[in-house]
Amino acid sequence: MNGKTIIAVGTAVAMIAGLCACGSSNDNAGDDSQGKVYYLNSKPEVVDQFDELAKAFTDETGIQVDVVTATMADYETTLTSELAKSNPPTTWTMSPNDLSKYKQYLTPMQDTDVYKNLTDAGKASAVQDSENVYAIPYVQEWYGIIYNKKIVKDYCSKEYAVIDSADDIKDWDTLKAVAESMMEHKDDLGLQGAFATPSVENSDYYRFTAHMIRPAEYFEYKDNNTTFMSEITWKYLDQYKDLYDLQVATSPGDAKTDATSMSYEDVTAQFSLGEVAFYPNGVWAYSQIKGNDVADEDLGMLPYYMGIPGEENYGPGVIMDNQWVINKNASKADQEATLKFIEWVQTSDEAKRIVAKEMGFAMPATTYGDDAQPDNPLVDQALAYQKEGKKYIRSFELPSLAWQKDFGGALLEYVQGTNDWDNVKDVITNEWKSTWEANEKAAPGSLPAQKEFTE
């Protein structure tokens with residue numbers, strides 16, 4: 001299969017995302033006296049599956065569920081507009097970064113069964129301030145450095161190899177040595193590079209500004225025994241820089257131009273077509289990788305090794321940014337119906353089938369056992385670290401999407417040589433402080449809970 005296949009997948013999603021808000025009104029609408037559910041969905045790649053969930057719930061309970069999927073680019077605008085209407089969404093997807101924006105609409109959830117059904121990790125990641133839980137995660141995802149086991153095995157058979165097997169890559173020094181060795185011998189290995197291009201184009205910068213930065217945040221919080229800091233020093237930013245520099249140095253082409261000319265689909269194609277060995281991303285990338293030149297059994301995942309002391313004791317990062325809320329401005333009947341729907345998604349065998357097998361989601365609920373996990377080899381790889389006794393790097397809150405975008409802009413200036421690394425540090429340090437201050441001013445008490453650090 002050629003690269004056009006992968007690009008077509010991304011184009012299809014983009015076309016869906018470019019449409020106006022779309023969705024379904026359940027044909028088997030129930031009795032309004034029971035309340036109803038209106039869900040504003042932010043994931044267009046699973047809109048059909050959410051419609052299937054809605055229909056199955058209505059068939060079983062008689063409660064109407066309407067799912068509307070807003071365009072990705074206009075989700076926040078659509079949500080703001082819908083919340084102002086007389087019949088607003090009863091639930092929607094909220095990121096942990098957005099509590100200050102929507103706290104005024106939210107009902108506390110810590111006393112509900114849907115919160116109690118969460119795993120310990122799910123509870124730890126639920127959106128909360130110092131007093132209340134306002135949102136609960138519905139999908140648990142992992143991210144790190146995806147790698148091609150077949151390429152690494154081929155490399156290990158060469159006399160110039162610096163490792164005997166992929167199992168030897170357990171720290172930053174080894175990862176760096178392998179990537180540089182692969183780059184030196186890429187022609188013999190039939191590769192374009194060792195790492196996929198570290199693009200910071202609009203569709204791709206999240207890999208570096210929302211994910212790869214998380215270990216630096218995590219370990220600084222750990223050092224300070226806290227789960228939130230409104231001011232941060234970025235103690236481990238030099239280690240982050242080392243990993244980013246390694247990707248620039250060992251990627252195909254000219255990173256200065258490719259940093260903005262290559263899209264998410266282009267970069268994913270480099271890995272999916274076997275052109276590179278390593279690709280930093282998350283388990284969600286499997287849907288674009290599968291069916292191309294990397295077999296399921298050849299997919300592996302490494303943590304983000306970058307040289308932070310103690311990182312070898314951890315597995316990949318875990319993230320739960322997609323979370324459900326309950327609109328306190330909805331009628332009591334609609335709020336109760338919405339809670340019933342969410343609890344049904346957590347507990348129903350039919351919902352488990354749709355969520356795990358059709359959506360490919362790992363639900364952070366104790367009700368989802370081993371038989372209700374997605375058929376995704378990257379999820380299997382991530383979970384293997386837990387079985388080895390490794391801890392996951394938790395994804396703590398970031399200030400805002402604007403902070404991430406400005407971080408990406410500073411990275412672009414750095415890789416293109418128009419500014420230096422000190423500018424990257426200045427941007428993310430100063431804007432971290434000013435953004436949290438603005439969030440607190442906009443919604444007092446909405447800052448993330450500052451608790452004793454737990455893993």
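One is the number of the first residue; the rest follow in order along the sequence.
Relative to the six-membered ring of Phe50, Lys43 misses at least one condition, a distance below 6.0 Å or an angle of at most 45° to the axis.
Using a 4.0 Å cut-off between charged nitrogen and carboxylate oxygen, Asp59 and Lys55 count as a salt-bridge pair. Between Glu297 and Lys149 there is no salt bridge, since none of the side-chain N atoms of the basic residue sits less than 4.0 Å from a carboxylate O of the acidic one.
At most 12 non-hydrogen atoms from other residues, nucleotides or ligands lie less than 6.0 angstrom from CD of Glu452. Within a 6.0 Å radius of CG in Asn225, other residues, nucleotides and ligands contribute more than 12 heavy atoms. Within 6.0 Å of atom NZ in Lys123, more than 12 heavy atoms from other residues, nucleotides or ligands are found, so the atom counts as buried in its surroundings. No more than 12 heavy atoms of other residues, nucleotides or ligands sit less than 6.0 Å from atom NZ of Lys451.
Between Pro215 and Ile308, the closest side-chain pair of non-hydrogen atoms falls below 4.5 Å. Taking the side chain as every heavy atom from C-beta outward, Glu358 and Glu52 approach each other to under 4.5 Å. Under the 4.5 Å side-chain criterion, counting only non-hydrogen atoms from C-beta, Asn439 is not in contact with Lys101. Counting only heavy atoms from C-beta outward, the side chains of Tyr385 and Tyr314 never approach each other to under 4.5 Å. Between Tyr304 and Pro316 there is no side-chain heavy-atom pair separated by less than 4.5 Å. In this structure, Leu53 and Val355 have side chains that are in contact, with non-hydrogen atoms separated by less than 4.5 Å. Side-chain contact check for Phe453 versus Thr226: every heavy-atom pair is 4.5 Å or farther apart. Put simply, the side chain of Ser42 reaches to within 4.5 Å of the side chain of Asn322, judged on heavy atoms.
The aromatic rings of Phe278 and Tyr147 are tilted relative to each other, their planes meeting at an angle between 30° and 60°. Relative orientation of the Tyr138 and Phe361 rings is tilted, given thresholds of 30° and 60° on the angle between their planes. Using the six-membered ring where Trp is involved, His211 and Trp284 have ring planes that are tilted, between 30° and 60° apart. Using the six-membered ring where Trp is involved, Trp344 and Phe341 have ring planes that are parallel, under 30° apart on the 30 and 60° scheme.
The aromatic ring centres of Trp436 and Phe228 sit less than 6.0 Å apart. A centroid separation of less than 6.0 Å is found between the aromatic rings of Trp234 and Trp432.
Side chains of Gln64 and Asp66: a donor on one and an acceptor on the other come within 3.5 Å. Side-chain contact of Thr69 with Asn41: a donor-acceptor pair under 3.5 Å is present, judged by distance alone. With hydrogens and angles left out, the side-chain atoms of Thr90 and Thr338 include a donor and acceptor closer than 3.5 Å. Side-chain polar atoms of Asn148 and Tyr279 form no donor-acceptor pair below 3.5 angstrom. Residues Ser95 and Gln323 have side chains that never bring a donor and an acceptor to within less than 3.5 angstrom of each other. Remark: the Glu350 side chain and the Ser348 side chain contain no N/O donor-acceptor pair separated by less than 3.5 Å. Side-chain contact check for Gln346 and Asn117: at least one donor-acceptor pair (N or O, by modelled atom type) lies under 3.5 Å. Between Gln110 and Asn132, the side chains place a donor N or O and an acceptor N or O closer than 3.5 Å (distance only, hydrogens not considered). Side-chain atoms of Ser230 and Glu437 include no donor-acceptor pair closer than 3.5 Å.
Of all heavy-atom pairs between Val152 and Ala166, the closest is CG1-CB, 3.8 Å.
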Mind running salt bridge (charged side-chain N to carboxylate O under 4.0 Å, His left out) on Asp296 and Lys290 for me, showing each step along the way?
CA-CA 7 Å; Asp296 283 5; Lys290 68 178 180 180; over 6 Å; no
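Exactly one of Tyr240, Tyr143, Tyr244 qualifies for a ring-ring contact (aromatic ring centres under 6.0 Å, His included) with Phe208. That residue is Tyr244.
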